[in-house]
Enquirer: 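After the structure tokens below, expect a handful of questions from me.
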2 protein chains.
Amino acid sequence: MAARSSDDVRGYMRFNRFRKIVALSREEICREIYLQNRDRIKIKKEKVAIANLVKIFNATLALSNKKGFHAMSLRDLSKETGLSMGALYSYFSSKDELVDIIQTQGRRVTAQVLHDQIAHADRPREKLRRAIISHLYLSEVLYPWFYFSYMEARNLSKKQLKKAIESELLTERIFVDILKRGSEEGIFAFPDTNLTAAVIKAVLQDWYMKRWKYASRGTSVEDYAVFVVDFVENFILA
Amino acid sequence: MAARSSDDVRGYMRFNRFRKIVALSREEICREIYLQNRDRIKIKKEKVAIANLVKIFNATLALSNKKGFHAMSLRDLSKETGLSMGALYSYFSSKDELVDIIQTQGRRVTAQVLHDQIAHADRPREKLRRAIISHLYLSEVLYPWFYFSYMEARNLSKKQLKKAIESELLTERIFVDILKRGSEEGIFAFPDTNLTAAVIKAVLQDWYMKRWKYASRGTSVEDYAVFVVDFVENFILA
DNA sequence: GTCTATACATAGATAGAC
DNA sequence: GTCTATCTATGTATAGAC
């Protein structure tokens, strides 16, 4: 397959290009969170609010991913952000709300980016490749978010837990749909659609769950992406 | 490949046979824990101690896997086991010790079973197959243990965390060694040994981390095992 | 061996001064 | 908007009766 752009190689989008295209700075994410939760957040000056939200989410993710959300006390969070306990409660009304906001925003961004990236492709093979690569790249850009979402799914309220499960199945569904279409077109052939999609997801999740392992071996996200595409295509290409 | 036993199919050991061979009842595991920690456990009547240890570990795993070890209070544990707070502290001296005991025992059993199962095979292809299948079957038998170990690795002490990482790499090492030997013998061919082993591990872990998903779809551990072996062999067979 | 009662620390959350 | 001070609940852990 020919390269589509000077900074792509063998049809694989480069990580840096992806990064620029999706352009997800922490500040932009926090701005979205702010606009989405204007009613709940007591601070009305947008600039102040966003700057502190960045601090709060960065600190929450850092502390939680180190020792768990439940083990992170609000006093820890207070120290890490430089904000007092009282100030923190101007940005969220309970610890549960804090975790819900993070999860909700993470899901929103993931669904949107994946959807956009796949829409650009047409044929099933290209769609599958883009789905795999953009999922890996996104989990690299938003690593703390992805790790957090996986590890803290248990601590959610019933309502939020239901949403988390829906989200897991939705992502898997994207792969199921691509696989089915490729199968109908005679391009793909495999024994079981659900299992194939599940295995793809498992491999994608390992990237952010075992980051320490890959980092210590010098495996880049691009290396991993090429390998995974190869691995999967080897199994399903007719 | 011919079946080696009346209850094996196409060279795959059946789950029930594995279960009988390894014979890991909760009581036996707790007996081993008791003998291993005789100095720390204050109760000297073996029968009493083991019966209560079964209660304690069952309850700890159930509660922790539901809402996290840190979120499980000792009052929760007291209620679930029917033992008082005071009684609990006759079996462990702190919450940290409790989590350490569970992790240590889980690792011990896993290493031993995997080692035994692989020793029975000779050729690399058979070795790989046995490694995959016995890992899946073991994680099915000890599901709460495996889930707990994955989720609670963060909460460990430095010393225990080091052991957990070693254990992860040890298991992966088993696959690396088999892959290398197969490669040398010209039976296997693949682009990267470490990545191949990592991907196999990722797929094995998904079985116990996403158990709800597979259960809801009626996928049995045998279905999954056959699929994974197929998936992996498709990639590596020369 | 197991219980009850309790000590002591730390958690989440809020009120009111600035 | 942010801080300090403080309330109340809940946590781990232990002492001593039975």
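Chain letters run A, B, ... following the sequence lines, proteins first, then strands; residues in each count from 1. No experiment lies behind these values; they were computed from the predicted model shown.
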Enquirer: Report the distance from atom CG of A:Leu63 to atom C1' of C:dA11, rounded to the nearest whole Å.
Expert: 15 Å

Enquirer: Roughly, in whole Å, what's the span from CG in B:Leu98 to C1' in D:dT12?
Expert: 13 Å

Enquirer: Is the cationic atom of B:Lys201 (NZ for Lys, CZ for Arg) positioned less than 6.0 Å from the six-membered ring centroid of B:Phe175 and within 45 degrees of its normal?
Expert: no

Enquirer: Within the pair A:Tyr89 and C:dA13, is there a side-chain N or O less than 4.0 Å away from OP1 or OP2?
Expert: yes

Enquirer: Please work out if A:Phe92 contacts a base, only the sugar-phosphate, or nothing of the nucleic acid, heavy-atom cut-off 4.0 Å.
Expert: nothing

Enquirer: Tell me: NZ of A:Lys79 to P of D:dT4, nearest whole Å?
Expert: 13 Å

Enquirer: Rounding to an integer number of Å, can you tell me how far B:Leu88 CG sits from C:dC3 P?
Expert: 9 Å

Enquirer: Check the distance between C:dA11's P and A:Arg75's CZ and give it to me in whole angstrom.
Expert: 6 Å

Enquirer: Between atom CE in B:Met72 and atom P in D:dT10, what is the gap in whole Å?
Expert: 17 Å

Enquirer: Between B:His70 and A:Tyr91, which residue's closest nucleotide on DNA chain D lies nearer the 5′ terminus?
Expert: A:Tyr91

Enquirer: Classify the side-chain pair A:Tyr214/A:Asp206 by whether it contains a donor and acceptor separated by less than 3.5 Å.
Expert: yes

Enquirer: Report which part of the nucleic acid B:Ser73 touches: base, sugar-phosphate, or nothing (heavy-atom distance under 4.0 Å, all strands).
Expert: sugar-phosphate

Enquirer: Of all the choices, D:dC3, C:dT14, D:dT14, which nucleotide is nearest to the side chain of A:Met85 once you look at every atom?
Expert: C:dT14

Enquirer: Can you tell which of D:dT12, C:dT2, D:dT2 lies closest to the side chain of A:Asn52?
Expert: D:dT2

Enquirer: If you count every heavy atom of other residues, nucleotides or ligands that lies below 6.0 Å from A:Lys79 atom NZ, does the total exceed 12?
Expert: no

Enquirer: Any cation-pi pair here, B:Arg211 with B:Tyr143, using under 6.0 Å and within 45°?
Expert: yes

Enquirer: From CD1 of B:Ile43 over to C1' of C:dT2, roughly how many Å is that when rounded to an integer?
Expert: 8 Å

Enquirer: Going through the distances and angles, do A:Arg38 and A:Glu46 end up as a salt bridge (Lys or Arg N to Asp or Glu O under 4.0 Å)?
Expert: CA-CA 10 Å; A:Arg38 251 192 178 152; A:Glu46 188 171 323; 3.7 Å; yes

Enquirer: What is the distance, rounded to the nearest whole Å, between atom NZ of A:Lys44 and atom P of D:dG1?
Expert: 8 Å

Enquirer: Heavy-atom nearest nucleotide on DNA chain C for A:Ser93 versus A:Ala71: which residue maps closer to 5'?
Expert: A:Ala71

